[in-house]
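Right, one structure below, let's go through it.
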Amino acid sequence: MKDSWIGLLDCNNFFVSCERLFRPDLVGKPVVVLSGNDGCIVARSQEVKDMGVPMGVPYFQVKDILKKDETTTFSSHFALYRDISRRVFTVMREEVDLVQQYSVDEAFFLCGSTDSGLAEQIKVAVEKRVGIPVSVGIAPSKTLAKYANTHAKQGSGVHFLDMENWSQESKNVPLSRIWGVGGQLEIRYKQHGLVTVADLLRAETSRIQQVFGVHGVRLQQELSGQQALPFTQAREPQKSIMSSRSFGKETTDPAVIQDAAAYHTRHALEDLRSMQSKTSIIRVSVRPSRHGDYLLRGGSKEAVFAAPTDNTIEVLKVVQKLTASLIEPGVPYKKVGVVLSGFTSSETVQQSLFVDEAVLKSDALMPVIDLLNQRLGRDVVTLGSHLKTPQWQSLSELKSPAYTTQWQDLKTVVA
DNA sequence: TCTGGGGTCCTAGGACCC
DNA sequence: TCTGGGGTCCTAGGACCC
């Protein structure tokens with residue numbers, strides 16, 4: 001299809017919009033959503049953006065400014081956002097066939113280069129039926145569609161990139177504004193005299209390949225309107241599961257670190273089993289604070305299982321060893337996490353020739369534990385040694401009620 | 001005092017093999 | 001006594017994204 005352009009639908013200030021859905025009184029007023037630990041700002045309403053509060057800034061640094069302007073603050077509430085996200089894309093799929101979800105609040109779709117009717121139609125449907133404001137950008141490639149979306153957000157909410165003007169406009173667009181160019185790459189491009197999109201488009205591809213590798217060449221193609229990042233409707237299976245969290249307070253105590261590692265292992269394995277998958281690679285990482293003398297003392301290690309497993313007990317043993325070998329005495333750690341990868345479907349897993357009897361028995365235990373936790377609430381039944389009160393956990397003090405996922409938090413509507 | 005969590009992809013460099 | 005080079009796999013880490 002020669003005329004196949006790519007659209008990007010992006011929810012505006014997604015987390016903020018989700019909170020406003022249940023607090024319509026906050027529409028038009030400043031709102032922020034914080035990360036876990038109430039550490040950083042992860043979503044800002046337009047009013048807060050206009051106040052000059054940057055994305056990702058530590059909350060404590062802007063607390064006073066926000067208070068002064070009577071900003072409403074929420075701790076993040078991912079179960080709610082995932083639920084709203086599912087509704088957004090359900091409605092979207094009813095309006096357009098070819099959809100590729102990219103993140104919790106964005107999806108690409110295929111459409112014609114002049115098909116503004118469709119773009120408008122999707123936007124209206126989502127806003128009307130879900131209540132989340134969205135913007136749509138349309139262009140010949142994904143990277144350009146992302147860029148077009150920034151125009152859409154500033155304007156009427158739908159924007160088609162005009163390729164006639166693009167070669168002219170690209171002279172004034174810094175590479176740093178392009179999807180895929182972060183702080184480090186911006187510096188590297190600058191070192192080679194490449195500052196604007198036009199600079200990159202002019203550069204010799206062989207030289208770009210040499211200096212910036214496949215990533216650079218792909219970027220050049222995407223920005224010239226070629227689709228180097230293919231649109232695929234098929235949902236790629238998830239390749240890894242991560243569970244990690246910063247501690248409320250740094251710790252040097254191996255028992256506390258082991259307890260947190262065990263917690264993340266249980267949760268990652270629970271997710272794994274719900275995906276009907278088994279894992280063959282586990283990686284454990286420990287990090288000191290990113291802001292202190294121990295910056296470089298973190299690290300990670302992985303282990304490979306001879307036969308793929310979804311058995312928490314089996315994985316916990318390995319995690320314990322990896323964690324112990326990573327911890328250095330006296331280093332104050334701030335974060336620990338585990339990542340599972342190398343998945344195979346549970347049904348197709350080959351049995352190892354030498355299966356431990358005890359492992360087989362505990363395999364049967366896993367579904368029981370998952371079911372109990374589903375019924376009784378997370379972590380009612382847990383495996384592995386753990387401290388009575390987790391000393392590493394943090395508080396989310398400003399969390400909104402679980403409007404859509406907990407019965408007791410359902411909104412009461414009085415007619 | 002207080003600086004997120006969950007993903008993907010890429011690559012440098014060491015180990016190992018022939 | 002002299003003492004290669006290329007390929008591949010793996011680990012760990014880095015960059016980016018939302």
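So that the names make sense, note that chain A is the first sequence line, chain B the second, and so on, each numbered from 1.
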What residues from residues 179-216 of chain A pass a heavy-atom cutoff of under 4.0 Å to DNA chain C? A:W179, A:G180, A:V181, A:G182, A:G183, A:Q184, A:L185
Write out the stems for DNA chain B, ordered by first number and formatted as range with range, counting runs of at least 3 consecutive Watson-Crick or G-U wobble pairs under 3.5 Å. B:5-18 with C:5-18
Quick one: side-chain contact (heavy atoms from CB on, under 4.5 Å) partners of A:Q210, sequence neighbours excluded? none
Measure the CD-OG1 distance between A:Q258 and A:T265 for me, rounded to the nearest 0.5 Å. 9.0 Å
Touch check for A:G56, heavy atoms < 4.0 angstrom, all strands: base, sugar-phosphate only, or nothing? nothing
Chain A reaches DNA chain C, atoms under 4.0 Å from its heavy atoms, from C:dT11 to C:dC18
Regarding A:V42, tell me which of base, sugar-phosphate or nothing describes its non-hydrogen contacts under 4.0 Å with the strands shown. base
Side-chain donor-acceptor pairs under 3.5 Å in residues 213-221 of chain A, sequence neighbours left out?
from: A:Q220; atom 1: OE1; to: A:T205; atom 2: OG1; distance (Å): 2.9
from: A:Q220; atom 1: NE2; to: A:L200; atom 2: O; distance (Å): 2.9
from: A:Q220; atom 1: NE2; to: A:A203; atom 2: O; distance (Å): 2.8

Residues forming a side chain to side chain donor-acceptor pair (under 3.5 Å) with A:S45, sequence neighbours excluded: A:E47
Look at all strands and tell whether A:Y102 reaches a base, only sugar-phosphate, or nothing, counting heavy atoms closer than 4.0 Å. sugar-phosphate
Which residues share a ring-ring contact (aromatic ring centres under 6.0 Å, His included) with A:F15, sequence neighbours left out: A:F78, A:Y81
Over 60° means perpendicular and under 30° means parallel, so tell me whether A:F108 and A:W179 are parallel, tilted or perpendicular. tilted
Taking B:dT3 as the reference, what is the distance to C:dC17 when you measure between their P atoms (whole Å, please)? 24 Å
Under the rule for ring-ring contact (aromatic ring centres under 6.0 Å, His included), what residues qualify as partners of A:F60, not counting sequence neighbours? none
Using a heavy-atom cut-off of under 4.0 Å over every strand shown, decide if A:R82 touches base, sugar-phosphate, or nothing. nothing
Kindly write out the residues that satisfy ring-ring contact (aromatic ring centres under 6.0 Å, His included) with A:F160, not counting sequence neighbours, or none if the list is empty. none
Please confirm whether the backbone N or O of A:D50 pairs with a side-chain atom of A:R44, one donor and one acceptor, at under 3.5 Å? no
Pairwise C1' distance, B:dC16 and C:dG4 [rounded to whole Å]: 15 Å
Judged by atom type as modelled, is there a donor-acceptor pair below 3.5 Å linking the side chain of A:S176 to the main-chain atoms of A:E186? no
At under 4.0 Å between heavy atoms, what does A:E236 touch on the DNA or RNA strands: base, sugar-phosphate, or nothing? nothing
How do A:R218 and A:F15 order along DNA chain B: which one's closest nucleotide is nearer the 5' end? A:F15
Residues of residues 60-70 of chain A with a heavy atom under 4.0 Å from any atom of DNA chain B, listed by number, are A:F60
Using the test ring-ring contact (aromatic ring centres under 6.0 Å, His included), find all partners of A:H264 that sit at least two apart in sequence or belong to another chain. A:W392
Neighbours of DNA chain B within residues 241-250 of chain A, by heavy-atom distance under 4.0 Å: A:I241, A:M242, A:S243, A:S244, A:R245, A:S246
